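Only one structure is covered here, and it is reproduced in the block below.
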There are 2 protein chains.
Amino acid sequence: MAIGIKVTLNKGLFHRDPQETTLGQKIIKHSILLIDEIGFEAFNFKKLAIRMKSTEASVYRYFENKHLLLIYLVSWYWEWVSYLIDINTMNIQDPKRKLKIIIKTLVYASKDNPSIEYVNESVLHKIIIDEGTKAYHTKSVDEENREGFFINYKKLAQKVADVITDVKQDFPYPHALASNLFEMANNHIYFALHLPRLTDVKVENDNFDEVEEMLEYFAFSLLGCNEKENEPKNH
Amino acid sequence: MAIGIKVTLNKGLFHRDPQETTLGQKIIKHSILLIDEIGFEAFNFKKLAIRMKSTEASVYRYFENKHLLLIYLVSWYWEWVSYLIDINTMNIQDPKRKLKIIIKTLVYASKDNPSIEYVNESVLHKIIIDEGTKAYHTKSVDEENREGFFINYKKLAQKVADVITDVKQDFPYPHALASNLFEMANNHIYFALHLPRLTDVKVENDNFDEVEEMLEYFAFSLLGCNEKENEPKNH
DNA sequence: TCAAAAATAATAGTATTGCTATTATTGAAA
DNA sequence: TTTCAATAATAGCAATACTATTATTTTTGA
């Protein structure tokens, strides 16, 4: 992946590749904004078409239905996080520092800069937080998984699991810890904003520092690196 | 809560209390079975009415819509888990043992016995795993939270957080760990069944032992109790 | 430069969904 | 035995989730 160049996503997710046409890019752009505004349940292709001044039928030529569009957006997001992790950890050897950067990237992905004009990464991040798990909590999950619709998420989990294993060779749950870090990163931002009794962190004006700190605490406690071993934070 | 006696749930969740009439109990019973069969998205009151040989209009006299019915079922579930935790930890003093029992209860709630005729707890557990988070991932979460619709879940989180604090006074994230244990218990059963690359545990024929073991590992690592301190498992 | 092909827009239509309303029937309590 | 609440039966309506048809515009490549 590189700026201005397409993210590679499973072709089964769409009829026509939205990244290749301006109408397609408008669909991506406006669906992100509209889902964020009205929520995934209320969102539909008619409203999207009106919003982007096109027609329902034209949207349907790109995506079979709104569910596949959501999987598309979620895959896009994780692919993009994966890319950010790659460039941010490129010259880092120490696996502990790598894991710290991964955590920071998970939490602050939307603040990282290289941006693609038709994707508002910060709003997309909100969608992932609010609606992300709906992408794979359906009756069709097995079939869609077989077709590779969740490959981007699973690959990222593998990538992070590898770093976890580098930190602690004999840690028995690297994949579970990886996916748990993803879920916690999003869940606890959501909890802080909507159900604060379910967490201990606070989130205000897009400041997710406490979430980051908590994820570090969880990860490094589990991996048996106590606080003193970690280098001091610099920000 | 006691056997044969009603679970106490927020009155705003329903028009008419389904626990008080046979038609209401039929709604609960068949909605659990039907949601499990066809999934929450495909589920609606028309299909439910046909299934239970009643009418759509009659179902609407009990619940405003399927979303509130889902919150009702989810609240029922957590209230029931909370009750099981209470009776299972009643005479236990040691907070570590308490936490172990809590974890076992979270994972094996559906196997615990005291049952209510019109609720198939094991199928309800599957619904919570598959659809549970949809109850609070909506645009109306703040309003519904204000009305107390998630009180059962939050109270349980507080109860578990208190035990966590008893285990380790200065643990900085008791609520987050509590809610994370709930989420992990369900998520990793789901992952094991549908997206196994996102976890390290296996689940076969309703045997969740590996999930339980993992949650214990996570909880007690975080709370700084290493394996040797825990009493040996007996099963 | 123009003809063919492809993409999009405009419009319409259909089956299903998510309700509400009306009336009829049953059944239980006073 | 009336009466009152609960339920059933039926209808209907606006919105949703699409599909189909045709018209128009844009692209492309000979």
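These numbers come from a predicted model, not from an experiment. In what follows, chains carry the letters A, B, and so on, assigned in the order in which the sequence lines appear, proteins first and then strands, with residues in each chain numbered from 1.
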Quick one: which protein N/O atoms are closer than 3.5 Å to N/O atoms of nucleotides 10-17 of chain D? Pair and distance per line, please.
none

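- At a non-hydrogen distance threshold of 4.0 Å, B:Leu23 from residues 21-30 of chain B come into contact with DNA chain D.
- Residues that satisfy the side chain to side chain donor-acceptor pair (under 3.5 Å) test with B:Ser75, not counting sequence neighbours, are absent from this structure.
- Annotation: salt bridge (Lys or Arg N to Asp or Glu O under 4.0 Å) contacts of B:Lys46 (sequence neighbours excluded): B:Glu56.
- Residue pairs satisfying the ring-ring contact (aromatic ring centres under 6.0 Å, His included) criterion with at least one member in residues 20-60 of chain A, sequence neighbours excluded, are listed as follows: A:Phe45-A:Tyr60.
- Legend: residues meeting side chain to side chain donor-acceptor pair (under 3.5 Å) with A:Asp86, ordered by chain and number and at least two apart, are A:Lys159.
- Note that the first and last nucleotides of DNA chain C, 5' to 3', having any atom under 4.0 angstrom from a heavy atom of chain A are C:dA7 to C:dA10.
- The side-chain hydrogen bond (donor to acceptor under 3.5 Å, both in side chains) pairs that include a residue from residues 196-205 of chain B are A:His175-B:Asp200, B:His188-B:Thr199, where partners are two or more places apart or lie in different chains.
- Partners of B:Glu143 by side-chain contact (heavy atoms from CB on, under 4.5 Å), not counting sequence neighbours, listed by chain and number: B:Arg146, B:Glu147.
- Contacts of B:Asp36 classified as salt bridge (Lys or Arg N to Asp or Glu O under 4.0 Å), with partners at least two apart in sequence or in another chain: B:Lys126.
- Listed by chain and number, the residues in a side chain to side chain donor-acceptor pair (under 3.5 Å) with A:Arg51 are A:Glu37 (sequence neighbours excluded).
- Shown here are the salt bridge (Lys or Arg N to Asp or Glu O under 4.0 Å) partners of B:Glu131, two or more places apart in sequence or in another chain: B:Lys134.
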